[in-house]
Amino acid sequence: MGFAAFLNRLFRRPPRYDYEAEEKRLAAYYEAHPEEREAILAKRSWKPTILIDSPAAAPASRSKLGGLPELPEGWEIPHSPEGNPMALLLQLDCAALPPGHGLPERGMLYFFLDADSTQWNWGLEAADCAYWSVLYTELPPRQPEIGSSAPDFREVPVSFRLSRSWYTEEDETGIETDENPDGHRLLGYPFELQSGQAMAADCSELAGAPPDTEWELLLQLDTDDDANGPGWMWEDMGMLFFWIRRDDLAARRFDRVRMMLECY
């Protein structure tokens with residue numbers, strides 16, 4: 001073998017895996033073998049989830065992605081340790097939620113993030129929690145004052161609908177159902193980009209909680225930078241995941257929420 005041929009073999013890249021073609025191939029296979037598709041679906045673990053939709057018409061609630069927060073009288077937008085005002089990610093009118101899933105049935109939930117800062121480092125350090133804030137109140141909200149500064153993200157009114165989310169460690173490429181585990185949603189299983197359920201263990205370590213602490217996915221926010229979205233992208237088409245201990249959710253201790261970012 002000549003030296004040039006040796007180098008070509010040594011540094012030759014393997015053929016690129018064609019995920020789209022493989023998904024089509026498997027989809028055709030499962031369509032021809034429905035019993036195998038049903039057997040795999042039967043192994044899934046399911047949890048209720050509340051999908052956050054962007055309707056064509058504004059809903060009756062005050063829930064929205066982005067925009068300026070409608071905080072109660074006397075409340076201020078949270079700030080980072082450097083004094084930066086945080087951006088509103090989600091304003092949640094709890095009365096508009098499907099009842100009976102552990103979330104408050106009245107009051108307002110606000111999710112904030114210092115979106116311009118790199119200090120929170122994907123939420124992987126214990127001190128990163130100073131760069132996001134989750135507020136809950138049953139006090140009446142009020143419109144932002146006239147002349148308020150422009151929001152960091154576009155305001156998008158939202159509505160909610162109950163669905164299901166699933167979790168499994170098996171490869172299910174080519175199997176589709178009506179459930180939509182990605183996108184913006186509350187509760188349920190996280191959409192796995194990297195670590196999936198392992199994020200709960202990371203939250204325990206970062207919060208100094210026992211390893212067997214039970215965590216719930218409180219909120220998942222997907223990248224949404226198209227013309228009709230709030231205009232955010234989390235690194236490389238990533239997602240934000242807000243986690244809360246089960247007992248903290250029951251006690252409405254939203255100041256203890258942990259957040260993590262994952263991307264492709």
Side-chain angles (χ1 to χ4, degrees), residues 12-56 65 90 97-103 122-123 156 158-203 214-230 232-244 246 259-264:
R12 184 173 55 195
R13 295 181 178 179
R16 185 175 180 180
Y17 185 78
D18 192 334
Y19 289 95
E20 185 175 350
E22 180 65 4
E23 185 169 7
K24 289 180 179 179
R25 184 190 71 79
L26 288 172
Y29 174 82
Y30 288 123
E31 184 176 358
H33 300 83
E35 71 286 352
E36 294 191 29
R37 177 182 184 274
E38 292 304 316
I40 289 179
L41 290 177
K43 296 178 182 179
R44 285 181 170 178
S45 296
W46 298 92
K47 280 185 178 181
T49 190
I50 299 173
L51 303 182
I52 302 174
D53 292 329
S54 301
L65 299 169
L90 172 65
L97 295 173
H101 298 281
L103 294 171
W122 293 33
V156 180
V158 294
S159 60
F160 308 96
R161 59 188 173 96
L162 188 62
S163 184
R164 298 193 300 172
S165 62
W166 58 269
Y167 173 76
T168 178
E169 295 180 352
E170 292 194 19
D171 182 4
E172 296 182 1
T173 300
I175 296 181
E176 299 295 336
T177 67
D178 293 335
E179 284 71 28
N180 181 21
D182 60 356
H184 311 310
R185 55 193 182 87
L186 299 153
L187 307 177
Y189 287 111
F191 183 75
E192 294 185 77
L193 295 179
Q194 294 176 1
S195 61
Q197 286 294 95
M199 279 189 284
D202 292 337
C203 287
E214 294 182 314
W215 292 82
E216 295 283 351
L217 177 66
L218 179 60
L219 172 67
Q220 172 183 294
L221 289 180
D222 203 349
T223 286
D224 195 345
D225 64 343
D226 61 23
N228 297 317
W232 59 48
M233 179 179 288
W234 312 120
E235 295 295 335
D236 185 10
M237 302 295 291
M239 295 184 182
L240 300 182
F241 302 89
F242 290 82
W243 293 84
I244 188 169
R246 187 170 295 177
M259 190 215 75
M260 290 186 179
L261 182 154
E262 289 193 347
C263 68
Y264 291 96

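Residue numbers run from 1 in the order of the sequence given. The basis for the numbers below is simple: all heavy atoms, side chains too, and nothing from hydrogens, waters or symmetry mates.
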Report the distance from atom CG of Leu90 to atom CZ of Phe242, rounding to the nearest 0.5 Å. 9.0 Å
Check Gly238 against Thr223 and note the closest heavy-atom contact, atom names and distance. O-OG1, 2.8 Å
Leu187 backbone acceptor or donor facing Thr49 side chain under 3.5 Å: yes
Under the side-chain contact (heavy atoms from CB on, under 4.5 Å) rule, what do Tyr30 and Ile40 come out as? Steps first, then yes or no, please. CA-CA 10 Å; Tyr30 288 123; Ile40 289 179; 3.4 Å; yes
Is Trp243 close to Leu217 at the side-chain level, that is, under 4.5 Å between some pair of heavy atoms? yes
So Leu103 and Leu218, side-chain contact (heavy atoms from CB on, under 4.5 Å) or not? Walk me through it. CA-CA 9 Å; Leu103 294 171; Leu218 179 60; 3.7 Å; yes
Quick check for you: to the nearest 0.5 Å, what is the distance between Asp53 atom CG and His184 atom NE2? 9.5 Å
Only counting residues at least two apart or in another chain, list the ones meeting ring-ring contact (aromatic ring centres under 6.0 Å, His included) with His33. Tyr29
Should Phe160 and Leu186 count as side-chain neighbours, where that means a heavy-atom distance under 4.5 Å? yes
Over all heavy atoms of both residues, which pair between Phe241 and Phe191 is shortest? Give the atoms and the distance, please. CZ-O, 3.6 Å
Could you give the distance from CD (Gln220) to CD (Glu262), rounded to the nearest 0.5 Å? 10.0 Å
Taking the side chain as every heavy atom from C-beta outward, state whether Ile244 and Leu219 have any atom pair closer than 4.5 Å. no
What residues, two or more places apart in sequence or in another chain, satisfy salt bridge (Lys or Arg N to Asp or Glu O under 4.0 Å) together with Glu214? Arg246
With sequence neighbours left out, the residues meeting side chain to side chain contact (heavy atoms under 4.5 Å, CB included) with Glu235 are Trp122, Leu261, Cys263
Atom CH2 of Trp215 and atom CE of Met199: how far apart are they, to the nearest 0.5 Å? 12.0 Å
Pairs flagged by salt bridge (charged side-chain N to carboxylate O under 4.0 Å, His left out) wherever residues 217-229 is involved - sequence neighbours left out: none
Not counting sequence neighbours, which residues clear side chain to side chain donor-acceptor pair (under 3.5 Å) with Trp234? List them please. none
If you compare all heavy atoms of Ser165 against all heavy atoms of Pro48, which two are closest, and at what distance to 0.1 Å? OG-O, 4.4 Å
Nearest heavy-atom contact between Met260 and Cys203 is CE-N, 3.8 Å
Measure the spacing between CD1 of Ile50 and NE2 of His101 and express it to the nearest 0.5 Å. 5.5 Å
How many angstroms lie between CG in Leu51 and CZ in Arg161, if you round to the nearest 0.5 Å? 4.5 Å
Mark yes when over 12 heavy atoms from residues, nucleotides or ligands other than Glu31 sit less than 6.0 Å from its CD; otherwise mark no. no
